[in-house]
Peer 1: 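One structure is given below, represented as structure tokens, and several questions about it will come after.
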Amino acid sequence: MHRTAHLDTFARDHLPPRDQWPELVFDLPELQFPERMNCSQDLLDRWVAEGQGGRTAVIGDDGGDGRGGGIRWTYAELQAQANRIANVLVSELGVVPGNRVLLRGANTPQMAACWFAVMKVGAIAVATMPLLRAKELGQVIEKARVSHALCDAALAGELATARAQFPVLERVCLFRSDAADGLEALAERQSTSFENVDTASDDCALIAFTSGTTGQPKGTMHFHRDVLAICRCWPVHCLRARSDDVFIGSPPLAFTFGLGGLLLFPLSVGATAVLLEKASPDALLPAIEKHRATVCFTAPTSYRAMVAAITAGATSGAASTGADSGKAHDLSSLRKCVSAGEALPAATRQLWKDTTGLEMIDGIGATEMLHIFVSHTEETARPGATGKPVPGYRARVVDDEGRDVPQGSVGKLAVLGPTGCRYLADDRQLKYVKHGWNLTGDAYLIDADGYFVYQARTDDMIISGGYNIAGPEVESALLAHPGVAECAVVGVPDEERGQVVKAFVVLKPNAIDATGATRAAGEAALIKEIQDFVKATIAPYKYPRAIEFRASLPRTETGKLQRFRLREQ
Ligand code: 3UK
């Protein structure tokens with residue numbers, strides 16, 4: 001390890017022992033990193049130094065609530081804001097290199113400036129999802145020993161509650177606030193220049209907490225060089241964005257999918273990022289049109305919901321007014337659409353293509369790996385498959401002993417590359433990293449052409465009557481039925497078969513009424529019809545023996561289905 005710039009060495013002191021790290025490979029010439037670097041230099045300051053400071057870096061859109069929309073900052077302005085905040089952190093709030101600084105807010109230009117300020121002062125960003133409550137914030141504060149927080153004034157309440165219980169959090173400064181001691185007022189008095197702390201390339205830059213479904217959240221530690229490494233792998237080889245691109249999307253900056261897709265990747269090519277405070281499918285559609293966005297990042301279900309809204313708009317007539325979801329939206333600016341966070345069903349890829357003419361880019365990423373490691377380009381997309389290892393990464397499908405399974409057999413996905421899993425003080429390190437490989441917890445197979453085909457989370461595989469059934473494959477088949485809006489497939493206990501396949505289905509608005517039957521008769525007929533439909537699409541033994549209709553499905557803030565909740569019920 002290189003000489004640290006951290007005066008507070010908590011992060012280094014709590015890295016896993018070196019022999020528990022995954023193997024790291026820096027195979028590409030662009031992955032040769034110097035001993036000392038601060039990632040904000042490469043992503044932000046560089047553009048100003050190169051005379052590109054007048055380009056637009058970030059655009060804020062509050063969806064019309066008037067709190068902070070309308071901000072457009074050039075690279076020079078974003079740098080000036082970040083520098084002012086860096087000065088506040090050091091001279092007003094007493095932050096020293098290595099301190100953990102919690103960031104809390106919706107996706108906004110101010111949040112982006114705060115993130116860079118934390119990088120610049122050599123502190124460690126601990127970004128948190130806006131929806132977290134005091135209890136979860138408290139777990140993060142305690143685990144990462146967070147001493148300072150920068151928090152959007154709109155979200156101050158839960159943080160104040162958490163702070164009352166965890167006095168390790170000494171200072172909270174509110175941004176987007178008119179208060180005399182708010183961040184804006186403090187920043188106003190500071191200089192727009194700041195000399196970045198000369199961090200080591202292996203100094204920790206961020207601790208990202210997993211959106212864990214159960215148990216204590218895990219903090220994943222990523223270095224300054226990791227931030228740049230992810231910018232030089234997937235975006236360069238799969239996304240291939242340009243400096244005139246306008247990025248937009250839904251994942252929070254606190255989710256590394258969003259941090260990369262909506263901040264690091266656009267800035268790494270000198271492009272523009274539109275940061276939306278509200279990014280539900282209903283809000284995303286008009287925002288794409290309004291900002292003439294060219295690159296979109298969101299989850300598979302969000303693409304599906306956007307298609308539904310577009311289709312509803314088209315049938316009700318483009319001239320209709322009122323709710324935005326009822327309007328036809330001009331999406332012709334879009335060039336590239338990225339899907340991640342969950343498997344992309346072939347049916348959803350096809351729907352999006354039929355609606356927009358665009359082939360989506362799917363990629364599997366993980367908080368532990370920082371970003372995407374198996375993916376493809378538009379040209380090499382294969383419906384139902386995630387793709388191939390991203391240049392810079394290696395991937396295999398292995399058995400419990402870490403040996404490659406035969407081609408075409410289902411096993412565990414194992415990956416390694418320039419980034420990898422380093423949990424903050426957590427025994428679960430030994431579960432994620434085995435024999436030097438990161439085990440993501442996903443069941444995959446490799447097809448005859450070397451494509452990686454997602455099956456399920458390993459603990460979501462259903463074993464029924466001796467057969468292994470991957471829930472997502474059944475979900476894909478269900479999604480192709482014209483009445484199905486959303487669905488989730490789980491295994492439920494069954495005396496005879498061990499488990500049976502059960503589907504929870506959200507129907508499209510008119511799926512039953514259209515039949516003219518009574519509700520009960522209509523539901524029974526539809527269940528039978530959907531079951532027959534699945535049997536005709538995939539091997540009949542995989543069909544859902546039980547189907548339950550729901551108004552909605554439980555999801556995390558990052559858009560993932562919470563199958564465990566459905567199993568519990
Ligand atoms: C699942 C996928 C199939 C998979 C993430 C892009 O999702 C991200 O990180 P998380 O830590 O979850 C990781 C797990 O999510 N998954 C993600 N993408 C796909 N499954 N196809 C996909 N395309 O189970 C994985 O192990 O929340 C995604 C970039 C950064 C991220 N952190």
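Note that the numbering runs from 1 along the sequence shown for the chain. Just so you know, ligand 1 is whichever comes first in the structure, and atom 1 is the first atom listed for that ligand.
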Peer 1: Quick check: does Ala340 get an N/O under 3.5 Å from an N/O on ligand 1?
Peer 2: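 By distance alone, the answer is no.
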Peer 1: Using salt bridge (Lys or Arg N to Asp or Glu O under 4.0 Å) as the criterion, list what pairs up with Lys388, not counting sequence neighbours.
Peer 2: none
Peer 1: With a heavy-atom distance limit of 4.0 Å, tell me whether Leu370 approaches ligand 1 through its side chain, its backbone, both, or neither.
Peer 2: backbone
Peer 1: With heavy atoms under 4.0 Å as the rule, classify the contact between Asp362 and ligand 1 as side chain, backbone, both or neither.
Peer 2: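 The part of Asp362 near ligand 1 is the side chain, not the backbone.
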Peer 1: Tyr451 vs His376, test: ring-ring contact (aromatic ring centres under 6.0 Å, His included). Steps then yes/no.
Peer 2: CA-CA 9 Å; Tyr451 279 85; His376 55 256; 7.8 Å; no
Peer 1: Compare every heavy atom of Ile530 with every heavy atom of Ile547, then report the nearest pair and how far apart it is.
Peer 2: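 Shortest heavy-atom contact: CD1-CG2, 3.8 Å.
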Peer 1: Between Lys560 and ligand 1, is there a nitrogen or oxygen pair with a distance under 3.5 Å?
Peer 2: yes
Peer 1: Is the contact between Ile364 and ligand 1 made by the side chain, the backbone, both, or neither, using heavy atoms and a 4.0 Å cut-off?
Peer 2: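 Both parts.
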Peer 1: Using the salt bridge (charged side-chain N to carboxylate O under 4.0 Å, His left out) definition, which of the options Arg104, Arg133, Lys135 pairs with Glu158?
Peer 2: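 For Glu158, the salt bridge (charged side-chain N to carboxylate O under 4.0 Å, His left out) check succeeds only for Arg133.
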Peer 1: Does Thr294 use its side chain to pair, donor to acceptor, with the backbone of Val246 at less than 3.5 Å?
Peer 2: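 It does hold such a pair.
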Peer 1: With heavy atoms of Thr440 as the reference, note each atom of ligand 1 found under 4.0 Å away.
Peer 2: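 Result: 26 (O).
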Peer 1: Might you point out which heavy atoms bring Gly559 and Thr301 nearest each other, and give the distance in Å?
Peer 2: O-OG1, 4.3 Å
Peer 1: Can we call the ring centroids of Phe265 and Trp234 under 6.0 Å apart?
Peer 2: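 Yes, close enough.
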Peer 1: Find all atoms of ligand 1 within a distance of less than 4.0 Å from any non-hydrogen atom belonging to Thr256, and give their numbers and elements.
Peer 2: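 It comes down to these atoms of ligand 1: 30 (C), 31 (C), 32 (N).
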Peer 1: Determine, considering heavy atoms only, which of Gly387, Gly441, Pro472, Ala343 sits nearest to atom 20 (N) of ligand 1.
Peer 2: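 Comparing heavy atoms across Gly387, Gly441, Pro472, Ala343, the nearest one to atom 20 (N) of ligand 1 lies in Ala343.
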Peer 1: Against Glu342, only a single residue in Arg304, Lys560, Arg555 fulfils salt bridge (charged side-chain N to carboxylate O under 4.0 Å, His left out); can you say which?
Peer 2: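 One option only clears the test, and that one is Arg555.
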Peer 1: Looking at ligand 1, would Leu344 count as a contact under a 4.0 Å heavy-atom criterion?
Peer 2: no
Peer 1: Could you check whether Arg422 makes a cation-pi contact with Phe223, meaning its NZ or CZ is under 6.0 Å from the centre of the six-membered ring and within 45° of the ring axis?
Peer 2: yes
Peer 1: Check contact between Gly363 and ligand 1, using heavy atoms of the residue and a distance below 4.0 angstrom.
Peer 2: yes
Peer 1: With a cut-off of 4.0 Å, which atoms of ligand 1 are near a heavy atom of Asp442?
Peer 2: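 Reading through ligand 1 atom by atom, the close ones are 4 (C), 24 (O), 25 (C), 26 (O).
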Peer 1: Is there a polar contact, in the sense of an N or O pair closer than 3.5 Å, between Thr367 and ligand 1?
Peer 2: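 N/O-N/O distance below 3.5 Å exists for this pair.
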Peer 1: So between Pro345, Gly258, Gly365, Ser339, whose heavy atom ends up nearest atom 6 (C) of ligand 1?
Peer 2: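 Minimum heavy-atom distance to atom 6 (C) of ligand 1 goes to Gly365.
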Peer 1: Examine the proximity of ligand 1 to Glu342 and report which part, side chain or backbone, both or neither, has a heavy atom under 4.0 Å away.
Peer 2: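 Just the backbone.
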Peer 1: Give the contacting part of Phe257 toward ligand 1: side chain, backbone, both or neither, where contact means a heavy-atom distance below 4.0 Å.
Peer 2: both
Peer 1: What about Arg457: any of its N or O atoms under 3.5 Å from an N or O on ligand 1?
Peer 2: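 Among all N and O atoms of Arg457, at least one is under 3.5 Å from an N or O of ligand 1.
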Peer 1: Could you report the tightest heavy-atom contact between Phe255 and Pro251, atom names first, then the distance?
Peer 2: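 The pair with the smallest heavy-atom distance is CD2-CB, 3.9 Å.
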